[in-house]
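Numbering of residues begins at 1 and proceeds along the displayed sequence. Just so you know, these numbers use all the heavy atoms, side chains as well, and skip hydrogens, waters and symmetry mates.
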Amino acid sequence: YLCVPTPWPQLSVWAISPEERNKHDQKFDTLSPSMGYVSGEQARKFFLQSGLSASVLAEIWALADMNKDGRMDRLEFSIAMKLIKLKLQGTSLPLALPIIMKQPPVPKFGNNSPLKIVPYLCVKNTLFCLNFGASSLYFCCLFFSSTSSSPSVMSPMVTGPSDWAVPHASRLKYRQQFNSLDKQMTGYLTGAMATTMLTQTQLASIWNLADVDKDGKLNAEEFILAMHLVDMAKSGQPLPLTLPTELVPPSRRYVDTYDTFEDKFKANLERGNAELEKRRLALLEAERREQERRAQKEREERERREKEAREAEERRRKDEERRLERQRELERQREEERQREIERKEAAQRELERQRKEELERRRRGELQIKREQEQDDIIKLKAKKRSLEMELEAVVSDEGTFMSTMKMGVTEKKGTCMKLRDQLEALEKETAVKLADMDQHTHTHTHTHTHRCCRPYLSVFKPLLRLNMTPLMCCLGGQPRATHHRKSAALTSFKALYPFTARNNEELSFNGDDIIEVDETTEREEGWLYGSKLGKMGWFPESYVERVAPSDTANNIAAAAAPTPKVPLQSQLSSALEAAKAAGTKSAFTPTPFTAVAQVVGNLLAQALCSWTAKTDNHLNFNKDDVIQVLEQQENWWLGELNGEQGWFPKTYVTLLGEEESSDSPPDASESSDSLQLEEYVALYTYESPEPGDLTFREGDVILVSKREGEWWNGSIGNRTGLFPSNYVKPKESDTSSISGKKKPVIAQVLRAHSSTGPEQLNLENGQLILILSKNSSGWWLGELQARGKKRQKGWFPASHVKVLGSNSGKSTPALQPVCQVIAKYDYTAANGDEMSFSKGQLINVLDKTDQDWWKGEINGTTGLFPTNYITLTTADCDPSQQWCADLNSLDSLSPQEKKRQGYIHELIQTEERYVEDLQIVLEVFHKPMLESGRVKEAEMSMIFVNWKELLTCNTKFLKALRVRKKTGGENMPVQMIGDILAAELSHMQPYIRFCSCQINGATLLQIRIDSEPDFKNFLKKIATDYRCKGMPLSSFLLKPMQRITRYPLHIKNILECTAEGHADRGPLKEALEKAEELCQQVNEGVREKENSDRLEWIQNHVQCDGAAENMVFNSLTNCLGPRILLHSGKMYKAKSNKELWAFLFNDFLLLTHASKQFTSSGPDKLFSNKNNVQLKMYKPPVLLNEVLVKLPDPSSDEPTFHISHIDRVYILRTDNINERTAWVQKIKAASEEFIETEKKKREKAYQARSVKASGIGRLLVTILEATELKAGKPNGKSNPYCEVTMGTQIFTSRTLNDTLNPKWNFNCQFHIKDLYQDVLCITIFERDQFSPDDFLGRTEVPVATIKKEFENKGPVTRRLLLHEVPTGEVWVRLDLQLYANK
């Protein structure tokens, strides 16, 4: 027996643990053993369930059946189960059964086990012997407990006499190693500790020589001696049988020598070591030969597979050539048939032309005869009319004298009335002149501006009244009144927007919530849509998005003031209007409030019309687009102008100013108008960011000084930045009256350094000037009002660094610090000291100083102080938005700016898709379910409103799962390398949108009718819409989301494609996805436009009963490869032999023959597809696919309207009512068949060309699709017709289709060229072949090429089981062989 320190894990590979033995015994009992044995047949059936081949199981049986009796007891069965498990894990079977497997179960010990493995002498009752292999070599290991061994006292480190053979340098080196191993400072090392540093070669001899005191442990000197002996063995020096005196540690030289038995034992141990070394070398040699044999076998297997692949490719090529030859022959036959058909058609055309000419001649003669008779009748009527007119003329001449006398008396009375009115007008003008003179006396006082502003509104009232009352005056004086309208005034109605609406095309009008829209309800319109205008823009919008605005009391007062009453004298009208203008509550478009809007009388100011404006009332001004209007007076929202001699009011947003010439009677401070523009303060409602260089960007809450307001885009400034911004992002700043009331003291600053303005929105500063601070901005520019004596106070921006803020308690100034950046509070913080600052979660803090790393200085609402940096986070403007999707900053820094932008767009696509799916789910839970359960809506109406909403949810849920799987494959918060293939695949299966968008208009109309006619139903919808998830939007808004979503897919894909570099693996799939997205939008648009075709398809869906393969077919959907299904022709025909009446429907992909269950009559297709027609049709024969059909005509000379349809092994002989109907049927069937065949041909040629291109790369990947198991059932009978599509970029391979199976065995080979290891992805997708709709999705799995290289490189072909994603069940078995070119 030899004692060798062998580590335990080398023995535990074949060892059977007690837990495993218990499991094996349980399996053994389930086989119903007889007399403690199981037969070979019982064991064979059980072992075959492991999936191993019969040859491998035979080898395992030979090893486990130790007594070769053809049956197994519990021990043999457990050994066999252990070998099967190891084989499934990839372990090779041993040549002979290891001895450890015949022993009782060996317990497993962890690293923290109290037992230690210590090489030692073989002592009785303490030795555990193991037999390995056929060599019967015994290894013995003795286990000692660390708790039972008492540590020996460590001798102090002694330099020792110079006669110790261990060199001094070695002693120092190994002493350091000993100290590093002796972590517990016990002064010795056990066997487990020592073996981590000592090699296995001659370890037993070295241990026995070094362990001088034979205590099973090594102290420092013994460890140094052992390592020195190891060095001797490595250098080739023979180890001594006994330890020489010069090698004995100095501290042990006086210990008694061993007896004779010990010497003999050492000699025996040395011989055992030599024998052990000899057998080890023999085992190594045998292992090397076995590895060479396996490598040779693998090379032969690989060459055999390559040869089979070449032969299969050759067979496939020959089959393709034969198929193409058959296809050419069929095309030649069809060409001949087409030529014959053309000749017959030309002959029939000539005959028809002759008949048509004869018919035209007959009609022309008839029309001339009818025309002659009509002219004779007209002559008789004209003669009678002449006689009647002569009689009327005589009567008029007799009454002329009486009429003239009456007119003279009326003129005399009118002249008297006009004289009285002229006297009243002169008196009124004198009184007005006196009042204006009194007002001018106050112009030199401090209230000059106030008086001027107060008088202007009164004049704005007087002028319309004077102008309106002068019209009858001019009539009375005999003058001709001018026309007051260019065209008829339309009655416009104001509507208020309830929800925002985004225009989908140029004909629609976009608006935001609470916008006011002017609508001409007399315009012809579709049901549910209105045509209106907003800020000069016109267009259509949904009626459900707005509500009518009731006329206010103010508008009534304006109408009453604007319309003159003949019964009231002019003096009383003006007096009442003056009193109404003085009242505080008067405010309208014509009498603005004096303190909020200044009515400014201008000189020769010209404006050009942006669009046409139609007058609402008599005192409005009509004009057309591009007309030039002279502006006479400007108010807040309405201006007074003159055009073609006519004056009237109009909205100022409908025009743009051309120029201004100041009049001679301008106010004294007119020279300063360039410095005192009417700048108004506005507050930002939302954050606005724009990449355009001319736009003004700002954050929510910023104060903007607006200098020009035109349409929807205004011009403003913030500090030294000026630009355009959308007007709906801001609101007027509310006047701050707190400083006037004494609650808040004004902030005054004094100018320290002069500053010259660069624009009218900035202030010119001079030293010593005082400025009232109105607003502070984080950019370092403040908004203030210049306090200049004797001048009009100006508002504008100025740099904060040029002023100092004056304190309220002392004359000391506080310098204005410029903010460094802005941060957002993540948590609430309460100041603990006086120099700190408190804030709440979510508040925006302006950072003034960032010198200290942990405490920054900031400002909130004028309060300054210190705050901790771990309580805040940077705003989105100060951090990279890419961090929203990438948390790994190292990965983010490694990306280019273009790739960062691309990943941002991909992240946006996934996020918006998640929100859209949530909206679809909300509709089902919040609206669909309560409406169905309440019983207020019938089932037919529910189908009409929601159409196929659940199909949309299923479609987009599958799409979202695919996106999530792709993102998870690459790693969370990591870049997504490929996304175009998913988009291209999923957009091909979104045919439910065609049906929904085609039927959505009818559903929306029905919903609006019920809301308008049933108040209870309207209140019910409002009640269920109060759910917090709806965010205030009604059902009609949610019903528009599918249409909006489908139009956004091309925009998302374009953004991603623009940021995808040339040569990127995802660029090709993205282009394909963009084509399919645009094609889908085009199909949806065509489906909406071709409503008649969609309605007829829906009628067929409801009135035709299908069975067999077409039982679950949806007519209004996509075909398999021709896009949306189109009804080309329909009508009645008969079977030629039985005269059975049939109703035929020709689609662009198949012909459907049906028959009625009950006889009915129909005069045409319109009558057939009427909603009142409740006929039920049954399918006569299975649908006839047009790519498998051949149409033939009988003898052309025959007058019988019959034709033949050949379909595979069946021929249909059909008859129509006449020859023309037969010709129409034959021509349309042939045209549809040719288009179908041509489309399939192009598809096959495209796939073949992609495979035939000689591609170069860095390697190739050989893929064999072996089989798939437990696929999802796609047919009602629980089966499927699956086929497999394997792709890598543009390289596509498709397997054959296997019918009626859920476990297809394809054994399909394909080869891919590798271009980029880290971007190429192998995608395996399984579909179910469907003849009448796009192939159904049965699962997908993806394997990046980088993963294949990492796991299987240099291992040859590897079989792997892959789980299918996006489906509940299914997996596929593939064999992968990655071969990289050496020179690449």
Do [X] and [Y] make a side-chain contact, defined as non-hydrogen atoms from C-beta onward lying under 4.5 Å apart?
| X | Y | value |
| --- | --- | --- |
| Thr1359 | Thr1264 | no |
| Lys87 | Leu57 | no |
| Val965 | Ile982 | no |
| Ser1280 | Lys1272 | no |
| Val1374 | Leu1322 | no |
| Ile79 | Met66 | yes |
| Glu287 | Glu290 | no |
| Leu1380 | Lys1349 | yes |

* Criterion side-chain hydrogen bond (donor to acceptor under 3.5 Å, both in side chains) against Glu292, the qualifying member of Arg294, Arg288, Gln296 ->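 For Glu292, the side-chain hydrogen bond (donor to acceptor under 3.5 Å, both in side chains) test succeeds with only one of Arg294, Arg288, Gln296, which is Arg288.
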[X] to [Y] - nearest heavy-atom pair and separation:
| X | Y | result |
| --- | --- | --- |
| Val1343 | Ile1348 | CG1-CG1, 3.4 Å |
| Ala1346 | Tyr1318 | CB-CD2, 3.9 Å |
| Ser50 | Ile84 | CB-CG2, 3.9 Å |
| Gln49 | Lys45 | CG-O, 3.6 Å |
| Glu76 | Ala64 | CG-O, 3.3 Å |
| Arg71 | Val38 | CB-O, 3.4 Å |

Do side-chain atoms of [X] reach the backbone of [Y] as a donor and acceptor pair under 3.5 angstrom?
| X | Y | result |
| --- | --- | --- |
| Asn1307 | Glu1267 | no |
| Lys68 | Ala62 | yes |
| Asp73 | Tyr37 | no |
| Ser1295 | Cys1284 | yes |
| Ser78 | Leu75 | no |
| Glu1328 | Leu1338 | no |

* Applying the ring-ring contact (aromatic ring centres under 6.0 Å, His included) test to Phe1293, which of Tyr1283, Trp1306, Phe1312 qualifies? ->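 Among the candidates, only Phe1312 passes.
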Working to the nearest 0.5 Å, report the span between [atom1] of [X] and [atom2] of [Y].
| X | Y | atom1 | atom2 | result |
| --- | --- | --- | --- | --- |
| Arg21 | Met81 | CZ | CE | 12.0 Å |
| Lys82 | Lys23 | NZ | NZ | 10.5 Å |
| Glu306 | Gln1379 | CD | CD | 5.5 Å |

* **Identified salt bridge (Lys or Arg N to Asp or Glu O under 4.0 Å) counterpart of Glu321 within the set Arg323, Lys318, Arg317** =>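 It is Arg317, the one option of Arg323, Lys318, Arg317 that forms the salt bridge (Lys or Arg N to Asp or Glu O under 4.0 Å) with Glu321.
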* Honestly, is Lys27 close enough over Phe46, meaning NZ or CZ under 6.0 Å from the six-membered ring centre and within 45° of the axis? ->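 Not flagged: Lys27 not positioned over aromatic ring of Phe46.
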Within 6.0 Å of [atom1] in [X], more than 12 heavy atoms from elsewhere:
| X | atom1 | result |
| --- | --- | --- |
| Lys961 | NZ | no |
| Arg304 | CZ | yes |
| Leu95 | CG | no |

* Note: Lys85-Glu20 ion pair, threshold 4.0 Å (strictly below) ->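 A salt bridge is present here (some side-chain N lies under 4.0 Å from a carboxylate O).
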